[in-house]
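Given the structure is predicted, the values throughout are model-derived calculations rather than measurements. Residue numbers begin at 1 in each chain, while the letters A, B, ... track the order of the sequences.
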Number of protein chains: 4
Amino acid sequence: MSTKRDDILNAALRLFSRRGFYGTTMPELAREAGVGAGTIYRYFDSKETLVNTLYQSWKAKITEDVYADLPADLPWRARFTLLWTRLFDFAHTHPEAFSFVDLHYHSDYLDEQSRMVEQMSAATLFTMVLEGQADQVLVDLPPAVLIAMVYSAFLGVVRAEQAGYVVVDETLATATEERAWAMIRR
Amino acid sequence: MSTKRDDILNAALRLFSRRGFYGTTMPELAREAGVGAGTIYRYFDSKETLVNTLYQSWKAKITEDVYADLPADLPWRARFTLLWTRLFDFAHTHPEAFSFVDLHYHSDYLDEQSRMVEQMSAATLFTMVLEGQADQVLVDLPPAVLIAMVYSAFLGVVRAEQAGYVVVDETLATATEERAWAMIRR
Amino acid sequence: MSTKRDDILNAALRLFSRRGFYGTTMPELAREAGVGAGTIYRYFDSKETLVNTLYQSWKAKITEDVYADLPADLPWRARFTLLWTRLFDFAHTHPEAFSFVDLHYHSDYLDEQSRMVEQMSAATLFTMVLEGQADQVLVDLPPAVLIAMVYSAFLGVVRAEQAGYVVVDETLATATEERAWAMIRR
Amino acid sequence: MSTKRDDILNAALRLFSRRGFYGTTMPELAREAGVGAGTIYRYFDSKETLVNTLYQSWKAKITEDVYADLPADLPWRARFTLLWTRLFDFAHTHPEAFSFVDLHYHSDYLDEQSRMVEQMSAATLFTMVLEGQADQVLVDLPPAVLIAMVYSAFLGVVRAEQAGYVVVDETLATATEERAWAMIRR
DNA sequence: CATGAATGAGTTTTCATTCAT
DNA sequence: TATGAATGAAAACTCATTCAT
């Protein structure tokens, strides 16, 4: 089965997350993927199609792996811990995914569908925060702000880790989770 | 007086912060600055020189405007409030500056001097955090982590604001400051 | 087989020998070679690399075709005749080669290797002249001077021919050879 | 009186003789001449006008200084000696002039008038050679060939000298003259 | 007269995309 | 289906020339 398509997507994730969309050339990408330059175009119409496909798939995968299947009866504190843990698990399993998604946030080459996936993912979180606020567990700030602060704080740690400034073991992951929770709990 | 050089730097800040380094073309930049394409090269040797000049000047300006002249005897709580206020003041005065600096963080076209300015800025914060921990006011996590979490949280809010998701008035600024402080205070 | 590379080199020989390095533009060259502008860069890193490659190959070819395989026991007079004949044969087979090599002599865009090829070629002649002088056959002047005078005289005839001032048939070639020999024989 | 015009012409001689027409830029030329870039255009309509002016003036000066005022009754041998001496005197007084004139020989940016000056100079020599042949003093080859061989041989020596390969003192100048004469005398 | 900052057409070079194999 | 050589449009950059001072 076509492993080439995946080779291309994996290479694209690596390069786009490092050098960005415009900083990555198709020949480079072909070399990194171990395929001919023309081969990329058998699977993707254009560079933009490729980046959109990649963006959507990772955004969806993050949403799925991190936000889905939260036990409905889980107390808020434990729920947050679970989310935070999943975030770090994901970040460690797919080190380039968060950088990639973050780097391409709101870029003008993202198409309608990418924006929709983006919206859906945001909506999930948004709803969750609203519930937490209704339950008087989360602080009363615009959900967009709470989400931005927590998610950015998480991303900040991941970036520090990838830059080699710290190693995030389980202890540190837990500690950061506590701090993030302290930021948003009522 | 050479207003052209400033026109170019201002246009570059606007475009680089939006489209990134590789996504911004020199003709675009020339048009945005209202100068001829060749004029840019009278003031900057190359596109790389330009982005480095810009990076260094803004990084230095942020450091100066936000971190400098902190009253030595200011209590930690008040000190943090002051810093947070200054960050928002800066972000509102120069809406593109933080995005620009953040977007170009650790890019491979940044030269030695840009990295040095970067280091100096980081060192200032690092020292401050260490003091706060010695005074038992700040939580005991690696300073790089605390800095990353707070600064990223701030950036997250600014980005949400620029995306039009929220309006950050004084009340909201204060509220976010409290949340950020809650994240790092012991 | 990569005939394109040869097409480019041949076109470059023609244009560089006529208009010089700076006077030849890459689009012109591409058109003359019958290839796309980008194609040139698949085979040569830069215009400078191209001119150096060309210089080295022709300098080496001249040296090989003209100076190599001289029968060791050939009397000086016959040896000179042979060299002169070979020079004209070469000039008539590759009408632009001598102009090209001469025009680019000591140009600052020639690299280390081009200079080495240059030196090697010069050394061959130099040694030959020294031997001729030791044998009391050649006049006692600095070899560099003898070489310069003979080679330049030859080039002068070739240039006159190319400018259309004369036609150099076998008779004229022989006559010029006699004159050149008269210039340097003891 | 306008020394600037001369400054420009002198700078142009130096740069054009070294780097050629296309290899010399107007700003470079302005700097070398010690004038503003715009100043050049007060004296010369364009770069082409400048090079043509320069070419004509030097070609004329060479013709005047070297070929004019030859005592009518001077024997051929002495006449040749005088010419050769004058050539070397000229070359040593104006080291760049011969290179410049030679380098621009038959270039397509030379205008009608430059070609005429060229023709006139050639005609003088041509006539002289014809006379010498009529007098049975010079060898019977096409005058264009004789002229090319002698003049090129001379240029070869000058180039060797400028490249630093030899120093041409009076003895060597005389020796080369003898060799050149041997080449063309009957 | 003289300047040199400013320009845009033209240069070298890159790169997304195509297509013959 | 896969390739990578080939392309030309567009990028970064240069330079002859102009013009406000």
Side-chain angles (χ1 to χ4, degrees), chain A residues 2 4-5 7-8 21-31 33-50, chain B residues 1-5 7-8 21-31 33-50, chain C residues 1-5 7-8 21-31 33-50, chain D residues 2 4-5 7-8 21-31 33-50:
Chain A
S2 179
K4 299 240 176 229
R5 189 171 187 279
D7 292 347
I8 293 164
F21 178 69
Y22 294 114
T24 302
T25 72
M26 295 300 268
E28 237 183 338
L29 185 48
R31 205 174 334 105
V35 304
T39 306
I40 299 176
Y41 289 86
R42 307 211 118 268
Y43 295 101
F44 306 96
D45 282 348
S46 68
K47 197 183 179 187
E48 301 212 351
T49 303
L50 171 55
Chain B
M1 203 74 49
S2 179
T3 178
K4 298 254 172 204
R5 189 170 189 276
D7 292 347
I8 293 164
F21 178 69
Y22 294 115
T24 302
T25 72
M26 297 302 266
E28 246 180 331
L29 183 47
R31 204 172 335 103
V35 303
T39 304
I40 300 175
Y41 290 88
R42 288 198 57 72
Y43 295 101
F44 305 96
D45 282 348
S46 67
K47 200 183 174 187
E48 295 212 354
T49 302
L50 171 56
Chain C
M1 207 69 51
S2 182
T3 177
K4 298 252 173 206
R5 188 170 189 277
D7 293 347
I8 293 164
F21 178 69
Y22 295 114
T24 303
T25 71
M26 297 302 265
E28 247 181 332
L29 183 47
R31 203 172 337 103
V35 302
T39 304
I40 300 174
Y41 290 87
R42 288 199 57 71
Y43 295 100
F44 306 95
D45 282 348
S46 67
K47 199 181 174 187
E48 294 210 355
T49 302
L50 170 56
Chain D
S2 180
K4 299 240 177 227
R5 189 171 188 278
D7 292 347
I8 294 165
F21 178 69
Y22 293 114
T24 302
T25 71
M26 295 301 267
E28 237 182 338
L29 185 46
R31 204 174 333 104
V35 304
T39 305
I40 299 176
Y41 289 86
R42 307 211 118 267
Y43 296 101
F44 306 96
D45 281 348
S46 68
K47 197 183 178 187
E48 299 212 352
T49 302
L50 171 56

Colleague: For D:F21 and B:S46, take the nucleotide of DNA chain F holding the closest heavy atom to each; which residue's nucleotide lies nearer the 5' end?
Modeller: B:S46

Colleague: Could you please name the option among F:dA2, E:dT13, F:dA6 that lies closest to any side-chain atom of C:K4?
Modeller: F:dA6

Colleague: For C:T24, report the nucleic acid contact type (base, sugar-phosphate, nothing); a contact means any heavy atom under 4.0 Å.
Modeller: sugar-phosphate

Colleague: Taking only the side-chain nitrogens and oxygens of A:Y22, find out if one of them lies under 4.0 Å from OP1 or OP2 of E:dA16.
Modeller: no

Colleague: Whole Å only: how far is the CZ atom of A:R31 from the P atom of E:dT14?
Modeller: 13 Å

Colleague: If I take atom CG in residue D:L29 and atom P in nucleotide F:dT17, what distance separates them, rounded to the nearest angstrom?
Modeller: 11 Å

Colleague: So which nucleotide from F:dA11, E:dT13, E:dA16 ends up closest to the side chain of A:T25?
Modeller: E:dA16

Colleague: If you measure from CZ on B:R31 to CG on B:L29, what distance do you get to the nearest 0.5 Å?
Modeller: 10.0 Å

Colleague: What distance, rounded to whole Å, do you find between the two P atoms, one in E:dC1 and one in F:dT21?
Modeller: 22 Å

Colleague: Whole Å only: how far is the CZ atom of D:R42 from the C1' atom of F:dT18?
Modeller: 12 Å

Colleague: If you round to the nearest 0.5 Å, how far is CZ of B:R5 from OG1 of B:T3?
Modeller: 11.5 Å

Colleague: In this structure, how many angstroms lie between the P atom of F:dT17 and the NZ atom of D:K47, rounded?
Modeller: 8 Å

Colleague: D:Y43 has an atom OH; how far is it from atom P of E:dA2, in whole Å?
Modeller: 4 Å

Colleague: If you measure from OG1 on C:T39 to NZ on C:K4, what distance do you get to the nearest 0.5 Å?
Modeller: 6.0 Å

Colleague: For A:P27 and D:G34, find the nucleotide of DNA chain E closest to each by heavy atoms; which residue's nucleotide sits nearer the 5' end?
Modeller: D:G34

Colleague: In whole angstrom, what separates D:M26's CE from E:dG10's P?
Modeller: 17 Å

Colleague: From CD1 of B:I8 over to C1' of E:dA5, roughly how many Å is that when rounded to an integer?
Modeller: 11 Å

Colleague: For the residue pair C:K47 and C:L50, establish whether any side-chain heavy-atom pair is separated by less than 4.5 Å.
Modeller: no

Colleague: If we call it a pair only when both distances are under 3.5 Å in a Watson-Crick or G-U wobble match, what pairs with E:dT11?
Modeller: F:dA12

Colleague: Nearest to the side chain of A:A37, heavy atoms from C-beta on, is which of E:dA2, F:dA16, F:dG4?
Modeller: F:dG4

Colleague: Any strand counts, and the cut-off is 3.5 Å on both contacts for Watson-Crick or G-U wobble. Which nucleotide pairs with F:dT18?
Modeller: E:dA5

Colleague: Return no unless some side-chain N or O of B:T39 is found under 4.0 Å from OP1 or OP2 of E:dT7.
Modeller: yes

Colleague: Taking all non-hydrogen atoms of both residues, which atom of B:A33 and which atom of B:I8 are closest, and how far apart?
Modeller: CB-CA, 3.9 Å

Colleague: Considering just the side-chain nitrogens and oxygens of C:Y41, establish if one lies under 4.0 Å of OP1 or OP2 belonging to E:dT13.
Modeller: yes

Colleague: Report the distance from atom CZ of A:F44 to atom P of F:dA2, rounded to the nearest whole Å.
Modeller: 12 Å

